[in-house]
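FYI, side chains are in, hydrogens and waters are out, and symmetry mates aren't considered; it's all heavy atoms of this structure.
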Amino acid sequence: MRRIAFLLAISTACGPLLRRPAFTPQPTSALSEVGAPPPPARVEIIPAEPSSTAVWLDGEWIWRRAQWAWLPGRWVNPPAGALFAPWVFERGPDGRLWYAPSAWRAPDGAVVDPPPALATASPETGAVVDSTGTIVITGPTLRDLPRPASSSQ
């Protein structure tokens, strides 16, 4: 009983869990070859939950104009019936690098327009440093949600 109370106190002290959308994997057809691996994630301050229907999407790197740009995390109301496919980065067995941006997908896999952000995280704006201590040159922090290039992904 004492152990349960201790675990409950720790989980409460760490704050509530963020409500997440229903997830689906990215199809391999969504992958595009990129020229460099993404940098480490940016640290973000998560704003208060704007409504009881909102879900949290973590910030992510987006391959844009041959460099990585940061899209801050955000609260959104999920599109009806859509599932969220988080961004993925893969290194192929031949060393080639592949990336798919996050996307909302209908049950048939078609890309759905992303919902507007209800509240957006405040990312730390300092330099991004990789595991070797090297400063990584990145693109801008995006303020607008990118729209899918094609609904056939």
How long is the straight-line distance from CD1 of I46 back to OG of S122, given to the nearest 0.5 Å?
10.5 Å
Rounded to the nearest 0.5 Å, what separates atom CG in L71 from atom CZ in R42?
12.0 Å
Restricting to non-hydrogen atoms, name the atom on [X] and the atom on [Y] that form the minimum distance, rounded to 0.1 Å.
X: V112; Y: A106; value: CG2-N, 3.5 Å
X: R91; Y: L97; value: NH1-CD2, 3.3 Å
X: W56; Y: P21; value: O-CD, 3.6 Å
X: W104; Y: P78; value: CH2-CB, 3.6 Å
X: R105; Y: G109; value: NH1-O, 2.7 Å
X: P72; Y: P123; value: CG-CG, 4.1 Å

Taking side chain as C-beta onward, heavy atoms only, is [X] less than 4.5 Å from [Y]?
X: D58; Y: R20; result: yes
X: L31; Y: V88; result: yes
X: W63; Y: S32; result: no

Could you go through the side-chain contact (heavy atoms from CB on, under 4.5 Å) check for W68 and V34 one step at a time?
CA-CA 10 Å; W68 293 103; V34 296; 4.1 Å; yes
Determine yes or no for a side-chain-to-main-chain donor-acceptor pair under 3.5 angstrom, with [X] supplying the side chain and [Y] the backbone.
X: E90; Y: R96; answer: no
X: Q26; Y: A85; answer: yes
X: W75; Y: P47; answer: yes

With a 4.0 Å cut-off on N to O distance, would you call E60 and R74 a salt bridge?
yes
Stepwise side-chain contact (heavy atoms from CB on, under 4.5 Å) test for N77 and V55
CA-CA 6 Å; N77 282 325; V55 294; over 6 Å; no
Identified ring pair (Phe, Tyr, Trp, His ring centres under 6.0 Å) partner of W61 from the options W70, W87, Y99
W70
